[in-house]
Amino acid sequence: MNAILLLIVRRALISVVILFFVAALLFCVLRLLPVDPAAMSLPPMATLAEIEAKRREMGLDLPLPEQFLIWLGQVVHGDLGTSIHFRRSVVSLVASTLPATVELAVIAMAIATALGLGGGLLLFHARGTAAEPAIDFGSIVLLSIPEFLWALFFILLFGVALGVLPFTGRLSPEFQLPTVTGFLLPDALLTGRLDVFWDALKHMILPAFALGIAFSPTIMRVLRSSLLDVYHEDYITQARLRGVSERGVLLRHGLKNAVLPTLSLMGVQFGILFGGTLLVEVIYSYPGLGNLMVDAVRNADLPIIQAVGLTYCIVVLIINTVVDALYLVLNPKLRIA
Amino acid sequence: MTFELDRRRMLQALGLGAASVPLIGDVPSAFAAGDTVTIGWPSDVPSWDPNQRFQPDAQPIFKLVFDQPADQDPKLTLIPKLLTKWELAPDALSMAVDVRDDVSFHNGDKMTADDVRYTFFERIKAGHKVDTANSWRKVSDIEVQSPTRAVMKFNAPNPTAPVWLAFLGSFVVPKKYMESTGVDGFVQKPVGTGPYKLVEYQLNSRIVLERNDAYWGPKPKIRRVIFEIIKDPSARVAAIQSGQVDLTINVPVREVDRLGHEPTLAGELNPITRVVLLQCRNDLGFADDNVRLAAHHAIDKQALSKAFYGGAAVPLSVPATPGTPGFVPDFKFTYDPKLAVQLLAKSGFDTSKPAQIKFATTNGQFPSDFDIARAIQQMWKKVGIDAEIETIEYAKYFELNRGAKLPEATLYSWDNATGDPEMFSGYLLNPKLPFSAWKGPEVGDKVVELFSVPDYNKRVAAYRDVAKFAVDKGATIPLLQSVQSLVRKKALTYVKYGNGWVLADTMSWT
């Protein structure tokens, strides 16, 4: 337990440094873009004098390091600025969209994990059989299709052709969003609205599967490779010699050890999957952070791009810390070290 | 209320819930199907403060919740709305307006001339960040003479003030309510005088409106309007095809034809007051009149219309659309590649030694924009103009133009819901405005003068002359009157507006 606590503290301290550098990088890169936030925040008919005044008001006439320090000071006080397009506080925009994306990404990751682990075991089980090339080919096909294509394919199949699932928004118009935590599924349960829970789940199935299925083949293939490596270890042979059944060997010895590299991979995958929500959210009109980011890029809304970039960074850091903590839990050797 | 989460009870309930609710919703609704219309819309409103941002796509949504001082009929003629009358002074330095006395906001407050003054003067002076501060910048005061009468005073002639009463962002907001809630409170719970009230809003996802039964004007037939914000065109196609929405716009042109063959759907390509044109610079590779005119003569606009708009887009010779005051029906700029070759030869260019220019285009801003640019590039190549295409973001157009960083030609789409020639030739060719890439005084001076001409007929006639002059000079290359693609359920009818407004308060089920 102490090792885990120590890890979290250490990670938190490192995260502050990482966040500082990411923030500085984001700030500089966005300021180097050929976009004038002052001009963008005024209507097209604004005069040059008005733009200049706006530039001064926004502090854009100051040297870059000074601008960064002012911005950093505001960030520390929880102020990420005002959106150029929406003219609303960026914090409120991010806060209102983040839960939808986190919820979607977590469910998508659960789907990717289930499919990935199941597929990995299937691939491993079929090793050396006639079915192996076919399953292998299937996993490569899955690997080569990006999430937005899955998104469109699912809409056409389940939304249009079969007409069994909705594919716009988070909830049917008949229902009002319950707002306790912002996370729809827990909120529906907390308010005792099972009809809302079911409706929200139906809306989530297609985007979550589109994301999850695209990330599952990597997990499948890494698990299969890890299992193949682990099965060459002496303790597997010894377990067999002790008379442990093949099922027992797999579950108690093989999988337990092979899942560690897979877990590391899943940590990395979650970060990528979180970024993958961008296009999927637009296609499914899902009101999350990705949808907000696409709008921000289209409108050159620098404060939002900056804030969403930082949010992605924070999410990735948290996930990595969680994965490393899990690693410690699952691997006693690391705890001793 | 307390709610205890018991694992067993929850699982049982979940099972029951899952078993009792079918996959796609027969969820109880307070509204019958004929009472509701669901619209697949390509963009969200930027804010629920309707004065805040000029976004043409948001106008048809704002028009349901808020009212404008004036309105336009389907043929775009200016008609009364919250104002019963307006009278622009002969010098265009003031405008007396009569306000309706039977209008209430959704919260029950009566709408008066004070609200008009607040919207177009007080909140601008108070420093609210609204785009109307720009469109109504000439307002020096609004003198309220009675609850139903006011006089708008301008610090410079404002001949298009009546037009702006029905244009972007000009929606009357409630003074008392907004002062009590502040702008932040207002955008959370907006209050207008329009035929619908906002009942639910999910950023980037859904807008739900309910009919305002106390509306002062004609009552809409549809009781509930749902806008599903679907930004992806393919998803909009899927949504209308699957029946998840009843009407959608801006779908790919080829899909309109395909969906139009479905037994329950109707597909439409409606020409609207949007022009697709090339904005030209008067320097660099386009400094030579012959090159610009050759570039114009080399473009087969009919072929572009056929290839990219199913032939529905009308080829244009002036930067104004048919039926609007600034259109010149008897003026035609010919497609003549041979003449283009001759003009280029006069300046020493041919296919072996082509004129070199750069050509900017957006990609995905309006239907087939990038493909149109590539087709033009090929047409130019045949006569001796070598154009290098560069893609720009629409949002950066103004900034690039301000910094004189636009290339010789830019493919551009221009919306003008009013149809007024000032918002066509005036804005597109006024070198002082960021819309015009052309900075030459021979055209620019003529246009700038027209911004102060108070007499409507003189102004319109002069704009027609300027438009012809500018095209003959090669200052602009109008291409096509753009079309709005729309697919709807056949049983849903609506009123077509010449400017592409799709208004739910005109809809009904047959």
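So you know, we letter chains A, B, ... as the sequences are listed, proteins then strands, and number each from 1.
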(message) Quick check on B:Y397 against chain A: is it the side chain, the backbone, both or neither that has a heavy atom closer than 4.5 Å?
(response) neither

(request) Determine the minimum heavy-atom distance between B:S205 and A:G169, stating which atoms define it. (result) OG-CA, 3.5 Å

(request) Give a yes or no on whether a salt bridge exists between A:R88 and B:D184, defined as a side-chain N under 4.0 angstrom from a carboxylate O. (result) no

(request) To the nearest 0.5 Å, tell me how far B:R206 CZ sits from A:S172 OG. (result) 6.5 Å

(message) Please rank B:L203, B:V45, B:L433 by heavy-atom pairs under 4.5 Å with chain A and give me the top one.
(response) B:L203

(message) How long is the straight-line distance from CG of A:N291 back to CG of B:N204, given to the nearest 0.5 Å?
(response) 4.5 Å

(message) To the closest 0.5 Å, what do you measure between CD (A:Q176) and CD (B:E200)?
(response) 4.5 Å

(message) So does B:K129 get a backbone contact from the side chain of A:R87, meaning a donor-acceptor N/O pair under 3.5 Å?
(response) yes

(message) Only pairs of heavy atoms separated by less than 4.5 Å count here; which of A:L171, A:L279, A:L152, A:I155 has the most with chain B?
(response) A:L171

(message) Please evaluate residues A:S285 and B:I229 with respect to the criterion side-chain contact (heavy atoms from CB on, under 4.5 Å), reporting the C-alpha separation (whole Å), side-chain torsions for both, the decisive distance (0.1 Å), and the verdict.
(response) CA-CA 6 Å; A:S285 310; B:I229 309 300; 5.6 Å; no

(request) Could you look at B:V130 and say if it's the side chain, the backbone, both or neither that has a heavy atom under 4.5 Å from chain A? (result) backbone

(message) Report which part of A:I51 has an atom under 4.5 Å of a heavy atom belonging to chain B: side chain, backbone, both, or neither.
(response) side chain

(request) Identify the heavy atoms of B:S242 and A:G159 that sit nearest to each other, and give their distance. (result) CB-O, 3.3 Å

(request) Tell me, for B:V187 versus chain A, whether the close heavy atoms (under 4.5 Å) come from the side chain, the backbone, both or neither. (result) neither

(request) Would you mind checking if A:E50 and B:R137 are paired as a salt bridge, meaning a charged N to carboxylate O distance below 4.0 Å? (result) yes

(request) Calculate, to the nearest 0.5 Å, the distance between atoms CZ and CD belonging to A:R298 and B:Q365 respectively. (result) 8.5 Å

(message) With chain A as the partner, which of B:K396, B:Q52, B:Q202 has the greatest number of non-hydrogen pairs under 4.5 Å?
(response) B:Q52

(request) Assess whether side-chain contact (heavy atoms from CB on, under 4.5 Å) is satisfied between A:Y284 and B:I230, documenting all intermediate values. (result) CA-CA 7 Å; A:Y284 285 98; B:I230 310 175; over 6 Å; no

(message) Can you give me the closest heavy-atom contact between A:A39 and B:R402, atom names plus distance?
(response) CB-NH1, 3.6 Å

(message) So for B:F435, is it side chain, backbone, both, or neither that comes closer than 4.5 Å to the heavy atoms of chain A?
(response) side chain

(message) Before you tell me yes or no, could you show the steps for A:T47 and B:K432 under side-chain contact (heavy atoms from CB on, under 4.5 Å), namely the whole-Å CA-CA distance, both residues' side-chain angles and the distance that decides it to 0.1 Å?
(response) CA-CA 9 Å; A:T47 62; B:K432 292 180 177 172; over 6 Å; no

(message) Just verifying a value: how many Å separate B:D44 CG and A:L292 CG, rounded to the nearest 0.5 Å?
(response) 10.5 Å

(request) Considering non-hydrogen atoms only, spot the tightest contact between A:P173 and B:I226 and give its length. (result) CB-CD1, 3.5 Å

(request) In plain terms, say whether B:E228 and A:R170 are close enough for a salt bridge, that is, a side-chain N and a carboxylate O under 4.0 Å apart. (result) no

(message) Please classify the contact between A:T97 and chain B as side chain, backbone, both or neither, with a heavy-atom cut-off of under 4.5 Å.
(response) side chain

(request) With rounding to the nearest 0.5 Å, note down the distance linking CD in A:E281 to CG in B:D232. (result) 13.5 Å

